[in-house]
Number of protein chains: 2
Amino acid sequence: MLKKQLIMEKALELFSEQGFEATSVQQITERCGISKGAFYLSFKTKDELVISMVDYYLQQFITDVDQVVRGTYNKETVLVEFYKSIFQAFKDHSASARVFFNEKVFLTKKELFHKITAYEAEMSKSILYMLEQLYQDQLKEMKYDVMYCIKGFMKSYAELFIFSDMPLDLEQLAKSLAEKTDIIAHHTTIPFITADLVPFIAKPCEEDVSKDALLQLLEQNINHTEDSIEKESIELLKQEIENPTYGKAIIKGLIENLRLDPAYHWIAYVTAKYFNI
Amino acid sequence: MLKKQLIMEKALELFSEQGFEATSVQQITERCGISKGAFYLSFKTKDELVISMVDYYLQQFITDVDQVVRGTYNKETVLVEFYKSIFQAFKDHSASARVFFNEKVFLTKKELFHKITAYEAEMSKSILYMLEQLYQDQLKEMKYDVMYCIKGFMKSYAELFIFSDMPLDLEQLAKSLAEKTDIIAHHTTIPFITADLVPFIAKPCEEDVSKDALLQLLEQNINHTEDSIEKESIELLKQEIENPTYGKAIIKGLIENLRLDPAYHWIAYVTAKYFNI
DNA sequence: TTGACAAATGACCGATTAGTCATTAGTATA
DNA sequence: TATACTAATGACTAATCGGTCATTTGTCAA
């Protein structure tokens, strides 16, 4: 488990320096200080490595954002907090941002394309949720346009973090973009992305979390878990899925146990979706 | 010269399908119906091909936008026309957009990184020029932020053209984004990209067109040119640079001769810059 | 110390790569 | 037709790739 992480981190460095195709397995193992054979004990192929990396690096990004969006109840500050968390992440993980937001070689590999598209869709959902909470019925059909503007702001300003390391005032940036978002939300009159267009652009079909997929995810993580509270929480949640017993409060509590540790953010996120919490 | 174009076009197809590193010279020559040796008669290396492609495809994009920006005197419509030309280009050349705006492997090759950065800077200049004409002193230090928003809109909505081929109402999109831009320009109060930040983000130093570089560019093109009017225009402009004789009107006329043919857009653009026209 | 097992190694394999070059085909001039 | 020249070919090379596997190393309990 630790070996996998080591490989993923060193691989990320190399990918962000040279690109995916231009980086050989040999180079990765050299930087890790391990043999080529050892690499293939952790990952079956080079492609499997990159798929794991997408999960490893994007899951945290998605869940962090979602947590801010759903955890900030103050309408005055939620937009600012949203942008702050986004750009803080870009700042802290500029290498992975360089790799996954720019190197779209990945888009030519179908499995990865769907994976990345799915994560992007999750991000879109979080943003839409935020907009719905913030503006409720004021926006109506305009909310998809506002979402696209927000994504555009992210992409445009993220460059500042990805391609240079100058010190930037995150607070000021977040305030500036929050204001711009609010202005657009209030004054826009000409929509482009209308409701009838939405089904076409939200490519990955809106799928709910399937019971089997979730059970499998939990099962996997029980084996890798040693911490007692987390392990117990996962086991209880697993039982709850197979045989519903407890009320919402207990379930939410168990999920919150997991949310405390970044390593379990993704499980918490997916499980909460399953239980509609 | 025609062979070069053939190779660049087929290579673009393959790059947009598979990515740059994943495409072999062999595959390119097979799709062209030529031998491997013939490829190396046109380009010294695979890298030289991609450098030529960046010039070939981005020059036209940049000059098209600049022409719209500087050629539309109606303040009411310039923003709409700007967006229309941008997205029309994305629509017509979605393959090259996929390659050059997404596959940033190129960013790991230093020469290409500087080239692409330089073209992006040209685009920024055109946008800033448009904003200065439109809002003059109203914007002041806010203009850089508005430029970043425009670029964000472009990046965000371009996806619709790059990753799908559904029919989209360009007119409606342009109107929608023009309104958003105008709203931001009028209501924003919190800037982020302040004047003192600008020197740091505009990485490539603001360089004027150098006399020698321009002479070399013209020289190169004389050899590849057969059309009489264009060839004569280029030769006269070359003489004019070395030995100024004519007035602005004649110079502008000669440049306009070149602008009529897309193949000479870039020369026209650069020469106009040199003569401050 | 021994034996059993897992972890780790790196020489090795077939496939593929970018790039070369002796050879051939095609064309224009004399 | 003979000559001279360029355009085009594709077999070839040396290097590198992802991936394998017989072997070695390390770590336990007995």
Side-chain angles (χ1 to χ4, degrees), chain A residues 1-54 56 99 103 105-113 115 223-224 226, chain B residues 1-54 56 99 103 105-112 220 223-226:
Chain A
M1 200 60 180
L2 272 170
K3 179 71 64 64
K4 273 195 175 187
Q5 272 187 31
L6 173 71
I7 293 173
M8 288 196 282
E9 274 158 29
K10 297 299 180 188
L12 183 73
E13 287 176 20
L14 285 161
F15 289 169
S16 93
E17 290 164 15
Q18 316 174 337
F20 170 70
E21 296 274 1
T23 301
S24 67
V25 174
Q26 188 109 36
Q27 285 176 299
I28 296 171
T29 58
E30 271 166 19
R31 187 166 294 197
C32 290
I34 62 172
S35 70
K36 213 171 164 192
F39 174 90
Y40 286 95
L41 291 178
S42 292
F43 301 97
K44 276 209 286 291
T45 64
K46 193 184 170 192
D47 278 353
E48 197 192 279
L49 162 66
V50 82
I51 289 170
S52 298
M53 285 174 69
V54 170
Y56 185 74
V99 172
E103 196 172 344
V105 190
F106 300 147
L107 300 187
T108 63
K109 304 191 185 259
K110 285 218 171 135
E111 187 179 357
L112 274 179
F113 178 77
K115 230 179 217 306
N223 300 330
H224 297 308
E226 276 151 31
Chain B
M1 201 56 179
L2 272 171
K3 180 71 64 60
K4 272 195 176 186
Q5 272 185 33
L6 173 71
I7 293 173
M8 287 196 282
E9 273 158 30
K10 297 300 179 189
L12 182 73
E13 287 177 21
L14 285 161
F15 290 169
S16 95
E17 289 164 16
Q18 314 174 337
F20 170 70
E21 297 274 0
T23 301
S24 68
V25 174
Q26 189 108 37
Q27 283 177 298
I28 297 171
T29 58
E30 270 167 20
R31 187 165 295 197
C32 291
I34 62 172
S35 71
K36 213 170 164 195
F39 174 91
Y40 285 96
L41 291 179
S42 291
F43 300 98
K44 277 208 286 291
T45 64
K46 194 183 169 192
D47 278 353
E48 198 193 278
L49 162 67
V50 82
I51 289 169
S52 298
M53 285 174 69
V54 170
Y56 185 74
V99 172
E103 195 171 343
V105 190
F106 300 146
L107 300 187
T108 63
K109 303 188 186 261
K110 283 214 173 142
E111 187 178 358
L112 274 179
Q220 266 174 28
N223 301 331
H224 296 309
T225 303
E226 275 151 33

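Numbers restart at 1 for each chain; the letters A, B, ... are given by sequence-line order, proteins then strands. The figures that follow rest on heavy atoms only: side chains count, while hydrogens, waters and symmetry mates do not.
Within the 4.5 Å cutoff, no side-chain heavy atoms of B:L49 are placed close to those of B:V25. The shortest distance between side-chain heavy atoms of B:F43 and B:M53 does not fall below 4.5 Å.
Listed here is the closest heavy atom pair of B:Q26 and B:T29: O-OG1, 2.8 Å. Taking both residues in full, the closest heavy atoms of B:S42 and B:K4 are given as O-CE, 3.2 Å, listed atom of the first, atom of the second, then distance. Heavy atoms only, all atoms of each residue included: A:E21 and B:A22 are closest at OE2-CB, 3.8 Å.
Between A:E21 atom CD and C:dA18 atom P there is a gap of 11 Å when expressed in whole angstrom units. The separation between B:F20 atom CZ and C:dA18 atom C1' is 11 Å, rounded to whole Å. Following rounding to the nearest Å, A:K4 (NZ) and C:dA7 (C1') show an atom-to-atom distance of 16 Å. Distance, B:Q27 CD to C:dT16 P: 11 Å, rounded to whole Å. Atom CG in B:D47 sits roughly 12 Å away from atom C1' in C:dG19 (whole-Å rounding). The CG-P distance, from A:L6 to C:dA8, rounds to 11 Å in whole Å. Rounded to whole Å, the distance from CZ on A:F39 to P on C:dT9 is 14 Å. Between the CG atom of B:L41 and the P atom of C:dC21 there is a distance of 13 Å, rounded to whole Å.
With hydrogens and angles ignored, the 3.5 Å screen pairs a side-chain donor or acceptor of A:K46 with a backbone N or O of A:F20.
For DNA chain D, the span of nucleotides reached by chain B at under 4.0 Å from its heavy atoms goes, 5' to 3', from D:dA8 to D:dG10.
In this structure, the nucleotide among C:dA8, C:dG19, C:dA18 sitting nearest to the side chain of B:S24 is C:dA18.
The nearest heavy atom of DNA chain C to B:T23 and to A:G33 marks one nucleotide each, and the one closer to the 5' end goes with A:G33. Both A:G37 and A:Q26 lie near DNA chain D, and the one whose nearest nucleotide falls closer to the 5' end is A:Q26.
Across all strands, A:K36 comes closer than 4.0 Å to base atoms (heavy-atom distances).
With respect to A:T23, the side chain to side chain contact (heavy atoms under 4.5 Å, CB included) criterion is satisfied by exactly one of A:Q18, A:E13, A:E17: A:Q18.
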